[in-house]
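Here's the structure we're looking at; comments come further down.
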Amino acid sequence: MIRLYVTPGLTTGPRLALAAEQAHYLTHVMRLKHGDELLVFNGRDGEWRARIAAVGKRACELEVLDRTRAQSTGPDLDLVVALVKRARLETIVEKAAELGARRVRLAITERTNAERTNVARLAAIAAEAAEQTGRLDVPQIAAPQKLERLLAEWPADRPLMFCDEAGEAPPALEALAGRAPGSWAVLIGPEGGFSAKERAAIRALPGAVPVSLGPRILRADTAAIAALTLWQAALGDLRGA
Ligand code: SAM
C-alpha cells in the first residue's frame with residue numbers, strides 16, 4: 001500500500017486535507033481515485049489506514065479509518081556529515097533514512113565544498129525515503145553548523161563513531177565490540193577529508209570512537225552507508241539480522 005507522511009495529528013473523524021503537492025502525487029502520479037486506500041503516518045501517532053474521500057482539481061481529502069501500527073522509532077542514531085556536493089548529499093540523506101538514522105546533522109568543515117544547502121529539499125527527500133521504508137518516523141534534518149561549534153556543544157552522553165580514513169583507527173566492528181547501544185552518532189568527513197586540526201579536536205572528545213571503514217578511501221556517500229550499516233549491525237536494529 002502507498003504510504004504517505006503527513007504532519008497533522010492522526011485520528012478517526014475529521015477529514016485530512018492534503019497539500020496540493022501531495023494531492024497531485026496521489027491522484028496524478030500514483031493514480032489513486034475516490035475510495036482507494038493508503039497508509040498515512042506523522043511520526044507521532046503511529047500508522048493509519050485512510051481512504052480517498054474527495055478529489056478536486058488540485059485538492060484531495062482523506063478519511064482516516066483505523067490505526068494499523070502503534071508509534072515506534074528505531075535506535076537514537078544521528079548521522080553527522082560534512083557538507084558535500086548537492087547530489088551526493090541528497091543520496092546520503094536518502095540512505096540515512098533507509099538505514100534508520102533518527103537525525104542528520106550537517107557540518108561545515110575547513111574543506112567543505114558547499115556552504116549553502118536547501119534543508120527543506122533534504123527534508124522532503126528524507127520523508128519520501130521514509131515512506132518507502134515502512135518506518136513510522138522521518139529523520140530530522142538539522143541546519144548546517146560549523147564543526148567547531150558542533151564539537152564544542154557535543155553531549156557527553158552521546159558516543160561519536162568517528163570515521164577516520166587516516167589509517168590510525170581500528171576496524172569499525174572491532175572498535176564497537178562490547179560498547180553499550182543507546183544514543184550514538186556517526187561522523188563522516190568531506191570529500192577532502194578532515195584537517196589535522198579538526199581530526200585532533202574530534203579525537204579529543206571524551207566520547208569519540210575512531211573507526212576505520214577498511215583499507216580503501218571511500219567517497220563520503222559510500223562511507224555514510226557503510227558506517228550506518230556497521231553501527232546498526234553492531235549496536236542497532238540489524239543485530240541478529
Ligand atoms: N581525505 C580523503 C582523501 O584522501 O581524499 C577522502 C575523504 S573521504 C572521501 C570522506 C570521508 O569518508 C572521510 O572524511 C571519512 O569520514 C570517510 N571515509 C572514507 N573512507 C574511509 C575509510 N576507509 N575509513 C574510515 N573513514 C572513511
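In this chain, numbering begins with 1 at the start of the sequence shown. In listed order, ligands and their atoms are each counted from 1.
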Using modelled atom types only, decide if a donor and an acceptor are shared between the side chain of D45 and the backbone of G9 within a distance under 3.5 Å. no
Could you check which of E191, R219, E198 puts a non-hydrogen atom nearest to atom 7 (C) of ligand 1? E191
List the closest protein heavy-atom neighbour of atom 19 (C) of ligand 1: residue, atom name, distance to the nearest 0.1 Å. L218 O, 3.1 Å
Examine A220 against ligand 1 and note whether any of their N/O atoms are separated by less than 3.5 Å. no
Relative to ligand 1, is V211 under 4.0 angstrom through side chain, backbone, both or neither, heavy atoms considered? backbone
Salt-bridge contact K85-E191 (side-chain N to carboxylate O under 4.0 Å): no
Any idea which part of C163 is under 4.0 Å from ligand 1, heavy-atom wise: side chain, backbone, both or neither? both
Distance-only side-chain donor-acceptor flag, T68 / E47, under 3.5 Å: yes
Parallel, tilted or perpendicular: which describes the rings of Y5 and F41, with under 30° parallel and over 60° perpendicular? tilted
So is there a nitrogen or oxygen of L213 less than 3.5 Å from a nitrogen or oxygen in ligand 1? yes
To which protein heavy atom is atom 13 (C) of ligand 1 closest, and what is the distance rounded to 0.1 Å? E165 OE1, 3.1 Å
Less than 4.0 Å is my threshold; does some heavy atom of A82 fall inside it relative to ligand 1? no
Main-chain N/O of G74 paired to R102 side chain as donor or acceptor, under 3.5 Å: yes
Looking only at protein heavy atoms, identify the closest one to atom 11 (C) of ligand 1 and say how far it is in Å. G189 O, 3.4 Å
N/O to N/O below 3.5 Å, does that happen between A223 and ligand 1? no
Could you check whether any side-chain N or O of E198 sits under 3.5 Å from a backbone N or O of S195, counting only pairs where one atom can act as donor and the other as acceptor? yes
For a quick test of reading the model, state the closest non-hydrogen atom pair linking V80 to W154 and the distance between them. CG2-CH2, 4.0 Å
Looking at I217, L187, V186, D221, the heavy atom closest to atom 3 (C) of ligand 1 belongs to I217
